[in-house]
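Accompanying notes for the structure given below.
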Number of protein chains: 2
Amino acid sequence: MAAPKLLLVEDDPALAELLEYRFQAEGYAVRTTADGDEALILADEDAPDLVILDWMIEGTSGIEVCRRLRRDKATAHVPIIMLTAREAEDDRVRGLETGADDYVTKPFSPRELLARVSAVLRRVRPALAGEMLEVGDLKLDPVAHRVERRGNQLSVGPTEYRLLKFFMESPGRVFSRGQLLDGVWGTGSEIEERTVDVHIRRLRKAITVGTAPDPIRTVRSAGYALEAV
Amino acid sequence: MAAPKLLLVEDDPALAELLEYRFQAEGYAVRTTADGDEALILADEDAPDLVILDWMIEGTSGIEVCRRLRRDKATAHVPIIMLTAREAEDDRVRGLETGADDYVTKPFSPRELLARVSAVLRRVRPALAGEMLEVGDLKLDPVAHRVERRGNQLSVGPTEYRLLKFFMESPGRVFSRGQLLDGVWGTGSEIEERTVDVHIRRLRKAITVGTAPDPIRTVRSAGYALEAV
DNA sequence: CATGTTTGTCGTAAAGCTGTAATATCCATG
DNA sequence: CATGGATATTACAGCTTTACGACAAACATG
């Protein structure tokens, strides 16, 4: 999973450093600036997945930064979480009206901000919040019903799709043909165990990309497993 | 524009009445209940566009209501704003982790809650807020009821329009015929699933412009999805 | 009320998928 | 290296799902 890219705009050095540290520890790629104008430049260079924006910063004000981010097509849909003083209800309302997605009032705990960032990302970019299955170079998006390998869209039939999804939910684990029949075809299916072989073959064929190695391992007299390649 | 449907779950009668009044004045269709179990029933009968959920209610707790809404496929994607006591940071974090989209801490002003509701709806259901929907080269203006593609004005029938709008609110996502019937025709419609095919074909025909590719993807034995082309 | 549009359903054609069986190949072991 | 057991591959007939065209009823519109 690519690390979600955050842009942190905060002019209190102590708070900025604390947050940067915490977010990096959680697997986010963080860039930080104390200045509104610089924030706009950074956001324009490489659009972040989410902006955390202190409302009271030097230079261009938070509200103005928010408005300009929304106006620029490249960043119009990047979610923004603003940090405001507890008392300033007006700021909060104005921020939401300007197009901020959320606010967190100071003082807040890093844990709360983390939960909020993760909630927003989950909503806006499900793929970034881990609703996507990844095993080695295989990616499966259950919402879009898509499978991709090394950037190539794969065309996978219904049964092969279910089979692959089943494997990807337990990477590395060996399943017997009986277990696969139960898990993929449904308990009590009246299907020949040998038929599994055929679908494994079809799946292997479907996920072949160039010279990439076969990620499905045959375990003689036991079953099959999907390996992270 | 159809009035956005809110479900308000609040057991303080005074607050409930106040909010109901304010939201109706702003053009929302509000249903109110004080009880968690009843909330689930109401939400299931007719999925609201947004739920405002007090964390401390009688009967089933707020967190449980939230979890169950998320678990039911029909309401899994309905945004939830929770109302919490100011001090209870744990509740807020837990709420966000459970799948709530936002929280507002008590006491709050109705104006702030209004701003937040509108912000959430704008983000999750842009069409409800009158914003332009864009997916690939398709543009849909919910206010003017117009659809255009690559500069060409398209002529789209009523049902096809609703269908397209529904798709454009969740680009890339695959919907089963049943989900489409619920979302576009309304819950509990007594229509043949095969009929969806026909409307898909009509929609495909309506959005054909020159040699532009078909943005509607058929996912065999699963449904259809609109792709950003 | 006449006219054109929209809507849901059918029947059929076309496309795609599935399970099985027959055959070839692989592999561990004596 | 021969052998028995297990897996791989191929072909195919039957089945399921989707696309398409046509139609009558319902609806809207002037």
Side-chain angles (χ1 to χ4, degrees), chain A residues 144-147 153-167 173-208 212-227, chain B residues 145-147 153-167 174-208 212-227:
Chain A
H145 248 260
R146 280 181 170 289
V147 184
Q153 281 298 324
L154 303 180
S155 156
V156 181
T159 304
E160 283 69 62
Y161 176 85
R162 275 181 287 133
L163 184 57
L164 179 60
K165 193 167 141 198
F166 186 79
F167 273 126
R173 182 166 156 200
V174 177
F175 293 98
S176 70
R177 294 182 174 71
Q179 288 173 315
L180 290 173
L181 283 176
D182 279 356
V184 177
W185 277 260
T187 311
S189 63
E190 306 272 321
I191 294 185
E192 285 293 318
E193 290 210 338
R194 295 274 113 240
T195 300
V196 174
D197 298 25
V198 179
H199 282 280
I200 289 284
R201 146 113 177 111
R202 287 174 181 154
L203 178 54
R204 277 177 167 147
K205 201 168 176 183
I207 62 177
T208 298
D214 176 9
I216 298 177
R217 181 165 56 104
T218 302
V219 183
R220 201 178 168 79
S221 75
Y224 299 93
L226 179 71
E227 304 292 325
Chain B
H145 243 258
R146 282 173 173 285
V147 183
Q153 175 75 28
L154 303 179
S155 153
V156 181
T159 305
E160 283 69 60
Y161 175 83
R162 273 181 289 133
L163 184 56
L164 180 60
K165 191 166 106 184
F166 186 79
F167 273 127
V174 173
F175 294 99
S176 70
R177 295 182 174 72
Q179 288 174 317
L180 291 172
L181 284 176
D182 279 357
V184 177
W185 278 259
T187 310
S189 64
E190 304 274 320
I191 294 184
E192 285 291 318
E193 291 210 337
R194 296 272 111 241
T195 300
V196 174
D197 298 23
V198 179
H199 284 279
I200 289 285
R201 185 166 62 78
R202 288 173 181 155
L203 178 55
R204 277 179 168 145
K205 202 168 177 183
I207 62 177
T208 298
D214 176 10
I216 298 177
R217 179 166 58 108
T218 302
V219 182
R220 192 159 234 269
S221 78
Y224 299 93
L226 178 71
E227 304 292 321

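What you see is a predicted model, and the numbers here were worked out from it, not measured in a lab. Below, read A as the first sequence line, B as the second, and so on, with proteins coming before strands; counting in each chain starts at 1.
- Using modelled atom types, one finds a donor on one side chain and an acceptor on the other under 3.5 Å when comparing A/Thr218 with A/Arg204.
- Residue B/Arg204 places at least one side-chain N or O under 4.0 Å from the OP1 or OP2 atom of D/dA19.
- With respect to the salt-bridge test (charged N to carboxylate O, under 4.0 angstrom), the residues B/Glu160 and B/Arg202 do not qualify.
- Residue contacts shown for A/Glu160 are limited to sugar-phosphate atoms, with no base heavy atom under 4.0 Å away.
- For the pair B/Arg202 and A/Glu192, both in contact range of DNA chain C, the more 5′-proximal nearest nucleotide belongs to B/Arg202.
- Residue-level contact check: B/Tyr161 touches neither bases nor backbone, having no heavy atom under 4.0 Å from any strand.
- Base contact: A/Thr195 has a heavy atom under 4.0 Å from a base atom.
- Counting distance only, with no hydrogens placed and no angle test, the side-chain atoms of B/Arg220 and the base atoms of D/dT17 include a donor-acceptor pair under 3.5 Å.
- From the 5' end on, the contacts that DNA chain C makes with chain A at under 4.0 Å to a non-hydrogen atom open and close at C/dC17 to C/dC27.
- Between A/Phe166 and A/Phe175, the angle of the ring planes lies from 30° to 60°, which puts this pair in the tilted group.
- Counting heavy atoms of neighbouring residues, nucleotides and ligands inside a 6.0 Å radius, atom CZ of A/Arg177 exceeds 12 of them.
- Phosphate contact (OP1/OP2 of D/dA6, side-chain N/O of A/Thr218, threshold under 4.0 Å): absent.
- In terms of position along DNA chain D, the nucleotide closest to B/Ala222 lies nearer the 5' end than the nucleotide closest to the other residue of the pair B/Lys205 and B/Ala222.
- Regarding contacts with the backbone of D/dT7, a side-chain N or O of A/Arg194 is found under 4.0 angstrom from either OP1 or OP2.
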